[in-house]
Amino acid sequence: RREQEGIYYTKELHQGRVKLYFLDCRYFRDPKKGRKYTLLGESQWQWLEDEFSRSKAQVNIIVSPIGVLLNRLFVTEDWAEFPEEKDRLLELVAKYDLSGTFFLSGDKHFGATIKRKWDRRGKRVRYYELQSSGLTHTPSKKLHRLIKLFYGKKNVVVEHNFATFDIDFSKKNPQMRWIVQSLQSSRKVQRLFTLGSDGLWRNEAT
């Protein structure tokens, strides 16, 4: 990464069954926001499409420093500020029909697991985003109620928190578990996903 513009890169785990795409949302970003402005820059877009086209992973995790699926909240930074870039990202995911596409983000100062539906090959598909934020900062207490109303009380941790995800390939049907854990109480948000025989990951009740 020292020899390129931007610090985007990929990392594979579990002998290539899991692939993470670490995006750089700073280096190429236009100073202005809106439909005609860029967030990733063309060279990073070309790299990302090439990585998508070569992926054989069962789990593809797109790691973004700012929220991808989450609606913009107050003064937070989000892909929603660059709507054409957001559409391009989700259309690229749909183009290569990547297995087990999930999003991992931060920056908003509260933890969350969020579900959003998006068109994919003529169908409305559920996408999930795990937000881990943060160990040192939280939103002011006057915003806690609004955040819970906006994203759903069961989906957020507004205290200092950290997040983990664990993937178990030892089972006949592999499972992935997300946990957002409060540092100040027993509060946690969990999501469990199971890989079906049809190759699709489904959210299970936890």
Side-chain angles (χ1 to χ4, degrees), residues 1-30 37-70 76-108 111-121 125-134 162-169 174-180 191 193 195 199-201 203:
R1 295 191 292 278
R2 295 191 300 273
E3 298 177 354
Q4 69 181 34
E5 293 187 310
I7 56 171
Y8 53 88
Y9 68 104
T10 60
K11 185 177 181 63
E12 294 187 357
L13 305 172
H14 291 280
Q15 291 77 49
R17 299 176 77 175
V18 179
K19 188 170 183 178
L20 296 99
Y21 308 79
F22 292 85
L23 305 182
D24 185 339
C25 294
R26 285 288 186 272
Y27 190 91
F28 301 98
R29 176 178 175 162
D30 282 329
Y37 299 106
T38 187
L39 182 61
L40 296 190
E42 199 55 38
S43 60
Q44 187 172 187
W45 276 117
Q46 291 175 5
W47 160 83
L48 186 60
E49 180 161 11
D50 181 58
E51 291 292 337
F52 280 0
S53 70
R54 294 189 286 110
S55 177
K56 303 297 183 183
Q58 290 176 298
V59 182
N60 290 273
I61 300 176
I62 299 170
V63 185
S64 169
I66 59 176
V68 181
L69 303 180
L70 281 79
T76 60
E77 295 183 61
D78 294 273
W79 279 69
E81 298 176 295
F82 298 85
E84 286 190 4
E85 296 281 274
K86 181 176 178 178
D87 288 345
R88 184 174 179 178
L89 177 62
L90 293 172
E91 287 167 3
L92 201 59
V93 170
K95 177 180 178 180
Y96 292 100
D97 202 22
L98 295 178
S99 171
T101 302
F102 299 94
F103 298 89
L104 175 62
S105 67
D107 189 54
K108 287 182 185 286
T113 61
I114 299 296
K115 176 180 68 177
R116 292 287 183 266
K117 289 185 178 181
W118 208 266
D119 288 327
R120 178 167 168 177
R121 298 200 172 193
V125 177
R126 296 182 183 91
Y127 289 112
Y128 294 86
E129 182 167 341
L130 171 63
Q131 178 180 280
S132 179
S133 179
F162 67 94
T164 62
F165 70 88
D166 178 74
I167 304 174
D168 185 357
F169 284 111
Q175 291 187 325
M176 175 169 58
R177 185 181 299 274
W178 292 358
I179 298 177
V180 183
R191 292 290 181 271
F193 302 92
L195 180 61
L200 299 176
W201 288 84
N203 184 209

Within a radius of less than 6.0 Å around CD of Gln15, do more than 12 heavy atoms belonging to other residues, nucleotides or ligands occur? no
Mind running side chain to side chain contact (heavy atoms under 4.5 Å, CB included) on Leu48 and Ile62 for me, showing each step along the way? CA-CA 10 Å; Leu48 186 60; Ile62 299 170; 5.9 Å; no
Report the C-alpha separation of Leu23 and Trp79 in whole Å, then their side-chain angles, then the decisive distance to 0.1 Å, and conclude whether the side chain to side chain contact (heavy atoms under 4.5 Å, CB included) test is met. CA-CA 12 Å; Leu23 305 182; Trp79 279 69; 3.8 Å; yes
Residue pair Val68 / Leu89, side-chain heavy-atom distance below 4.5 Å: yes
Atom NZ in Lys86, atom CG in Leu39: separation rounded to 0.5 Å? 12.0 Å
Within the structure provided, determine whether Leu104 and Ser64 are in side-chain contact (heavy-atom separation under 4.5 Å). no
Contact check, side chains of Val93 and Tyr127, non-hydrogen atoms, under 4.5 Å: yes
How close do Thr164 and Leu130 get, counting heavy atoms only, and between which atoms? O-CD2, 4.2 Å
For the atom pair NZ (Lys19) and CG (Leu98), what is the distance rounded to the nearest 0.5 Å? 9.0 Å
Residue set satisfying side chain to side chain donor-acceptor pair (under 3.5 Å) with Ser133, at least two apart, ordered chain then number -> none
Atom pair CG (Asn203) and CZ (Arg191), whose distance is rounded to the nearest 0.5 Å: 6.0 Å
Side chains of Glu5 and Phe28 in contact at under 4.5 Å (non-hydrogen atoms): yes
Looking only at atom types and distance, does a side-chain atom of Asp107 sit under 3.5 Å from a main-chain N or O of Pro65, one as donor and one as acceptor? no
Heavy-atom count around Leu200 CG within 6.0 Å, excluding the residue itself: above 12? yes
Closest approach of Pro174 and Trp201, non-hydrogen atoms and distance? O-CZ3, 3.6 Å
Tell me, do Leu90 and Phe103 make a side-chain contact under 4.5 Å, heavy atoms counted? yes
Would Val59 and Phe165 count as a side chain to side chain contact (heavy atoms under 4.5 Å, CB included) here? Give the steps. CA-CA 12 Å; Val59 182; Phe165 70 88; over 6 Å; no
Under the rule for side chain to side chain contact (heavy atoms under 4.5 Å, CB included), what residues qualify as partners of Ile114, not counting sequence neighbours? Leu70, Ala112, Arg116, Tyr151, Asn155
Hey, what do you get for CD1 (Ile179) to CG (Asp166), rounding to the nearest 0.5 Å? 8.0 Å
Tell me, please, which residues at least two apart from Phe169 pass ring-ring contact (aromatic ring centres under 6.0 Å, His included). His14
For Phe52, check ring-ring contact (aromatic ring centres under 6.0 Å, His included) against everything at least two apart and list the hits. Tyr21
Taking only residues two or more places apart in sequence or in another chain, which ones pass side chain to side chain donor-acceptor pair (under 3.5 Å) with Glu85? Thr38, Trp45
Go through Leu40 and Cys25 one step at a time and tell me if the side chain to side chain contact (heavy atoms under 4.5 Å, CB included) criterion holds. CA-CA 6 Å; Leu40 296 190; Cys25 294; 4.1 Å; yes
Are the side chains of Gln58 and Leu195 in contact, using a 4.5 Å heavy-atom criterion? yes
The reported gap from CG in Asp168 to CD in Gln175 (rounded to nearest 0.5 angstrom) is 7.0 Å
Quick one: pull up CG in Leu13 and CD1 in Ile61 and give me the separation to the nearest 0.5 Å. 8.0 Å
Report the residues that fulfil side chain to side chain donor-acceptor pair (under 3.5 Å) with Arg26, sequence neighbours left out, ordered by chain and then residue number. Glu77
Excluding sequence neighbours, so at least two apart, what forms side chain to side chain contact (heavy atoms under 4.5 Å, CB included) with Glu49? Leu92, Lys95, Tyr96
Can you name the residues that form a ring-ring contact (aromatic ring centres under 6.0 Å, His included) with Phe193, not counting sequence neighbours? Phe102, Tyr128, Trp178
Would you check if Thr10 and Trp47 make a side-chain contact, meaning some heavy-atom pair closer than 4.5 Å? yes
Contacts of Asp30 meeting side chain to side chain donor-acceptor pair (under 3.5 Å) (sequence neighbours excluded), chain-then-number -> none
Which residues satisfy the side chain to side chain contact (heavy atoms under 4.5 Å, CB included) test with Phe22, sequence neighbours excluded? Tyr9, Lys11, Leu20, Val63
Not counting sequence neighbours, which residues clear side chain to side chain contact (heavy atoms under 4.5 Å, CB included) with Ser105? List them please. Glu129, Gln131
Between Asp78 and Lys108, does any side-chain N to carboxylate O distance fall below 4.0 Å? yes
Beyond-backbone contact of Tyr8 with Ser43, side-chain heavy atoms, under 4.5 angstrom: yes
List the residues meeting salt bridge (Lys or Arg N to Asp or Glu O under 4.0 Å) with Arg54, not counting sequence neighbours, and say none if there are none. Asp50, Glu51
For Ser55 and Asn60, which I'm curious about, is there any donor-acceptor pair between the side chains at under 3.5 Å? yes
